[in-house]
Amino acid sequence: MARTTSTFLTSDEVAEMLRVDERTVQRMVKDGTIEAVRVGRQYRITPGALQRYLRAQGFIDMAAPEAAPAEIIAVVNQKGGVGKTTTVLNVAALFGAMGRRCLVVDLDPQANLTQSYGFNPEDLAGTVYDGMLALAKPTRQNRNAVIGARGIDEQAVADNLNILDAGGGVDLLASNIDLASADMDLAAVPYIREQLLAKLLRPLRSRYQYILVDCGPSLSLLTVNALVAARWVLVPTQAAYLSIRGIQALLNSIVGARELNPNLEILGLLLTMVDERVRLARTTVQNVKTRMEQMGIRVFDTVIKRGATFEEASSERKSLLQYEPGSPHTQAYQNLLAEMLEVMDGEQTEVAVPAFAGVAGSRA
Ligand SMILES: Nc1ncnc2c1ncn2[C@@H]1O[C@H](COP(=O)(O)OP(=O)(O)OP(=O)(O)O)[C@@H](O)[C@H]1O
Ligand SMILES: [Mg+2]
């Protein structure tokens, strides 16, 4: 398993990464150039402290996330089949219908989102994986990795991406099967392995108002990349199967990512596939809300009920808005979006979609 951002580094590990003598690192710790904590006779350095040092030296140049316009929302839950991809698809369709420029990024090797739009992930080049690897490559080949990373032209890498028209005003940065090996490929990249997606998206942020990142069902290095790139985390979860330990593990990853991305916040927990016909389900929803709010996690008032429409729409490769614009499920996603905008913008926005949105942009 790849090391995540919360792991401490020893001074000899940092020396190895910086290609300097361990005594040099100890000297830098003593004179305060690198922050560290002392554990027994050893120094412990967080990846965040290393990043701050590299940034202070001008080796890594990350624009502050708030400086760029697009809001990046990572849709994350390490549990599979909880509605992450469905949520990305439907929220993006609503953004598109509202005339807001939206990019969706498929960061899941399963490539479900890419397939949902009718693309065959096996045929695609210029995917998110290609972009991340292009940013990492000089560091893999060049022993002086930090200098290599500094020398990369992020704009040129972004220009080489194959951004696809997903219809309905939505753009797609697709996944392909190669992403399955990304965790191993990227683990070998020093310093910037958690920041590759942030770097890849940086030149694109001026082109979009919203970037939604669909993550796979794990807390892998790819998911850490999404958390480091994003401003917000949206967590779809099935009320009936919510596990506090699972949420705790996710929170730990968020805390780790904040070392590199201090502005990261949970946008909210979204209860999906809620079966409201069963009275028990209502109690479960209420319990989940109480427990999560005790942990300081916002839970959206909107819940997404279970419905056959989802499978039907997906078999026709359509968003709910395209498949059944007037359905209560479409309305639920509209309500969700209104809540999301209220949290992100701090003000209420009516989520009204034009009547023709249901037929516009369908690829089917
Ligand atoms: N509210 C719902 N009611 C019924 N079925 C749903 C609902 N939301 C999603 N589904 C269906 O459940 C399945 C899993 O949903 P989805 O692919 O969005 O989950 P996921 O979290 O992205 O899964 P993975 O972790 O594998 O990427 C899909 O077949 C989808 O069509
Ligand atoms: Mg998915």
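Atoms within a ligand are numbered from 1 in the order they appear, just like the ligands themselves. Only this structure's heavy atoms are used, side chains among them; waters, hydrogens and symmetry mates stay out.
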For ligand 1, which atoms sit closer than 4.0 Å to a heavy atom of [X]?
X	answer
Ile304	1 (N)
Gly80	25 (O)
Gln110	24 (P), 26 (O), 27 (O)
Pro217	25 (O)
Asp108	27 (O)

No-hydrogen, no-angle side-chain donor-acceptor test under 3.5 Å, [X] and [Y]:
X	Y	result
Gln42	Arg44	yes
Tyr208	Asp171	yes
Glu312	Tyr323	yes
Thr302	Glu339	yes
Glu122	Asn120	no

Exercise: identify the closest heavy-atom pair between Leu320 and Asn90: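 Between these two residues, the closest heavy atoms are N-OD1, 2.8 Å.
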
Hey, is ligand 1 close enough to [X] that some N/O pair sits below 3.5 Å?
X	result
Arg306	no
Gly216	no
Val82	yes

Which residue holds the protein heavy atom closest to [atom], what is that atom called, and what is the gap in Å?
atom	value
atom 7 (C) of ligand 1	Phe310 CG, 3.5 Å
atom 20 (P) of ligand 1	Lys84 N, 3.5 Å
atom 17 (O) of ligand 1	Thr85 CB, 3.9 Å
atom 15 (O) of ligand 1	Thr86 OG1, 3.6 Å
atom 12 (O) of ligand 1	Met273 CE, 3.6 Å
atom 4 (C) of ligand 1	Gly307 O, 3.2 Å
atom 14 (C) of ligand 1	Gly81 CA, 3.9 Å
atom 28 (C) of ligand 1	Glu311 OE2, 4.1 Å

Please report the interatomic distance CZ(Phe310) to CG(Leu89), rounded to the nearest 0.5 Å.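 That separation rounds to 10.5 Å.
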
Return the CD to CG distance between Gln238 and Asp275, rounded to the nearest 0.5 Å.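 Rounded to the nearest 0.5 Å, the CD-CG separation comes to 10.5 Å.
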
Side chain, backbone, both or neither: which part of Thr272 has a heavy atom under 4.0 Å from ligand 1? neither

Which one holds for Lys305 and ligand 1: side chain close, backbone close, both close, or neither close, with close meaning a heavy atom under 4.0 Å? backbone

Over 60° means perpendicular and under 30° means parallel, so classify the ring planes of Phe95 and Tyr210, tilted if in between.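 Ring orientation, 0 to 90° scale: parallel.
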
State which residues pass salt bridge (Lys or Arg N to Asp or Glu O under 4.0 Å) with Glu35; sequence neighbours excluded, sorted by chain then number. Arg52

Would a 4.5 Å heavy-atom cut-off, applied to side chains only, mark Phe119 and Leu124 as touching?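 Answer yes - side chains close enough.
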
Considering only heavy atoms from C-beta outward, does the side chain of Leu269 approach that of Val288 to under 4.5 Å?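 In short, these two side chains touch, coming nearer than 4.5 Å.
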
Looking at the Mg ion (ligand 2), is there an N, O or S atom belonging to Asn112 that lies under 2.8 Å away from it?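 So Asn112 does not bind the Mg ion (ligand 2) by this criterion.
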
